[in-house]
Protein chains: 2
Amino acid sequence: MDDIDKLNRIIQRGKPLQKGEYLYRTNDVFNAVFAIRSGAVKAISISEKGDEQVMGFHLLGEVVGMDGLAENIYNNSVIALETSSVCEIPFNRLEELSLLIPTLQRHFLLLMSREIKHDQQLIALLSKGSAEMKISTLLLNISTSNGLRHLSTNNFTLPMSRVDIGNFLGLTIETVSRIFTRLQKNKVITIDNRSISITDTSALRTASSGA
Amino acid sequence: MDDIDKLNRIIQRGKPLQKGEYLYRTNDVFNAVFAIRSGAVKAISISEKGDEQVMGFHLLGEVVGMDGLAENIYNNSVIALETSSVCEIPFNRLEELSLLIPTLQRHFLLLMSREIKHDQQLIALLSKGSAEMKISTLLLNISTSNGLRHLSTNNFTLPMSRVDIGNFLGLTIETVSRIFTRLQKNKVITIDNRSISITDTSALRTASSGA
DNA sequence: TTATCCTTTTGATCTAAATCAAACCGAAGA
DNA sequence: TCTTCGGTTTGATTTAGATCAAAAGGATAA
């Protein structure tokens, strides 16, 4: 509890981000990581050809910004998908605090290690998965993320557009749309624009691992 | 130099691994990371369906095993692609040493952060890239990795089979083979089984970023 | 040497997803 | 109210890469 007190003292509650606002941009100097307190954000990078690549979505409870640690500048830009509030965790003060709370270093390594694990699961999905597997997996990921935060696992609103989903998963918006309608036809989900209900979780799970 | 001495003391020079031997396996207890001193290894994970997914190749000078940090067990298995020797860096002693060498913690964070960056580049490639982009990029990565270690950037032997390349990049072996012959026909590379020469680096670079 | 096994290449066909094209459906403003 | 403008859906066609099939090398052993 004492530790938590110390931690709370260095955490800054930020002003909410409006939809489309940047939390940070590629090549900004790295000085903090951020915890999402409400809303949702996407991380993007810009390819050599100048087009956007969505690197990931981050929902309530997740931490972003760790990618800046290596070169001391952020690799990605992070943009709010909807009105969102974040906690800023300044990194220099965190390092100094780490000396006081030895477990904190460990926590940080854990956080990064988890990100690596997550990225690797994504690599496997993108490398092997069909369009249906990709989208089913995305939906399940959002669902379980909601579960961890005691939100509904079966009914939620997608914070991101079809464009973002397609960009993230390496699919066109048309394919994304078609897969949604197919899953609906198969009574796996119900979808109306961005609001979605999972009506058959086990079928979705089957679809996500290659029907 | 003193620091290096301390570090050298905890590093263990291991016996060489024969081709096909495991360095560690998924779910082994995590207790060390490993630096590749010679040869090459692949990291693989096994999907729910039981088939192998190649997560990456690691050549001379790279460090593997960081993925085990989060849950204290390795997420992947690592297998030698050819006779290889590795240095084992025990993690418990490294942590204790970190207290003596403050920069070491930082180095470790850097290492992980770099891995995240690397994974994210791969995600972008797998998500957006054509077969030709994927293979060109892989070749360039091996080439630049060789450059860093003062090996030839233009002539080298691929340590991995077509099967492994295809598995890693999400392509079939037939496609891998066809792309190789196409690149050869276009006078970008010369390839004879596993031995490869890059004859036109800038063309390869163009191909890797989407011709 | 031939025989066996494994990897790689090449060719013919098929298919999942991309592309091209158009219609549809809110939401925001005039 | 009508109109415009994103975002989304649906349909027709094309294509990159998968799949199916077979031949060609290369290595090891008998």
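The structure presented is a predicted model; accordingly, all values stated were derived computationally and were not measured. To find a chain, count down the sequence lines: A is the first, B the second, and so on, and within it residues start at 1.
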Review point. So do B:Arg178 and B:Arg182 actually touch side chain to side chain, heavy atoms under 4.5 Å?
Key: no
Review point. Are B:Leu158 and B:Phe57 side-chain neighbours, meaning at least one heavy-atom pair lies under 4.5 Å?
Key: no
Review point. If only side-chain N and O atoms of A:Ser177 are considered, is one of them under 4.0 Å from the OP1 or OP2 phosphate oxygen of D:dT9?
Key: yes
Practice item. Could you tell me whether the phosphate oxygens of D:dT8, OP1 or OP2, come under 4.0 Å of any side-chain nitrogen or oxygen in A:Arg194? Key: yes
Practice item. Under 4.0 Å between any heavy atoms, over every strand shown, what does B:Gly166 touch: base, sugar-phosphate, or nothing? Just pick one. Key: nothing
**Study point:** Sugar-phosphate only, base, or nothing, as touched by B:Ser161 at under 4.0 Å among non-hydrogen atoms
**Key:** sugar-phosphate
**Study point:** First encountered from the 5' end of DNA chain C, between B:Met160 and B:Arg178
**Key:** B:Met160
Exercise for review: Hey, could you give me the NZ/CG distance between B:Lys117 and A:Asp119, rounded to the nearest 0.5 Å?
Suggested key: 14.0 Å
Point to revise | Length of the CG-C1' vector between A:Leu158 and D:dT8, whole Å | key: 13 Å
**Study point:** Nucleotide interval of DNA chain C bounded by contacts with chain B (heavy-atom cut-off, under 4.0 Å)
**Key:** C:dT8 to C:dA12
Review point. Under 3.5 Å, is there a donor-acceptor pair between the A:Ser197 and A:Asn155 side chains?
Key: yes
**Study point:** Exceeds 12 heavy-atom contacts within 6.0 angstrom, atom CZ of A:Arg194
**Key:** yes
